[in-house]
Amino acid sequence: WLWPPMRDALLRLFEHSQHNGVVPGTAKLHSIELWNEEGNLAAGELGYSCGAMYTSLTGFHREPSTGTIQMLCIAGLLVSSSFVCWDLGMAMSYKERLGARGMDRTE
């Protein structure tokens, strides 16, 4: 589902983090998956963290509401892991319904 140049860039980032460990201030790639009771992949996301900030890059869902469930699970993980900011990317109505708000770059 990823455009090949984007996939290659993310793979290089992942390989870099695997070979060099986590160094403060460096990005770390994350793959988050939601599986249904039958063992099928229902939703997923790729993102990265740097310090206490997490950025969602791209995601998908295959079943109704699984994208929302995935986002709520990520929110819980970020709060419990002491992240202070979650960049959800482009403003979209479903994100706003879940409480996201746009921020000016100066914020």
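Along the sequence shown, residues are numbered consecutively beginning with 1.
With side-chain heavy atoms closer than 4.5 Å counting as contact, directly or through intermediates, the hydrophobic cluster containing Ile69 also holds Leu34.
When all heavy atoms of Leu77 and Ser80 are compared, the closest pair comes out as O-OG, 3.1 Å. Heavy-atom minimum distance, Ala43 versus Gly67: CB-N, 4.4 Å. In terms of heavy-atom proximity, Ser82 sits nearest to Ala52 at O-CB, 4.1 Å. The two atoms that bring Ile32 and Gln70 nearest to each other are O-OE1, 4.4 Å, heavy atoms only.
By the side-chain contact (heavy atoms from CB on, under 4.5 Å) test, Glu37 pairs with no residue at all, sequence neighbours left out.
Looking at heavy atoms from C-beta onward, Leu88 lies in side-chain contact with Met71 at the 4.5 angstrom threshold.
Residue pairs meeting the side-chain hydrogen bond (donor to acceptor under 3.5 Å, both in side chains) criterion with at least one member in residues 48-57, sequence neighbours excluded, are His30-Ser49, Glu45-Tyr54, Glu45-Ser56, Ser56-Trp86.
Placement of Leu46 and Met6 within a single hydrophobic cluster is found when ILVMFWY residues are connected by side-chain heavy-atom separations under 4.5 Å, directly or transitively. Neither Met53 nor Leu57 shares a network with the other; the hydrophobic side chains, linked directly or stepwise wherever heavy atoms of I, L, V, M, F, W or Y lie under 4.5 Å apart, form separate groups for each.
No donor-acceptor pair under 3.5 Å is formed between the side chain of Ser81 and the backbone N or O of Leu78.
The CD atom of Glu63 lies 9.0 Å from the CG atom of Leu41; values are rounded to the nearest 0.5 Å.
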Quiz prompt | Audit row: Ser31, Glu33, side chain to side chain contact (heavy atoms under 4.5 Å, CB included) steps and yes/no | solution = CA-CA 7 Å; Ser31 173; Glu33 300 168 347; 3.8 Å; yes
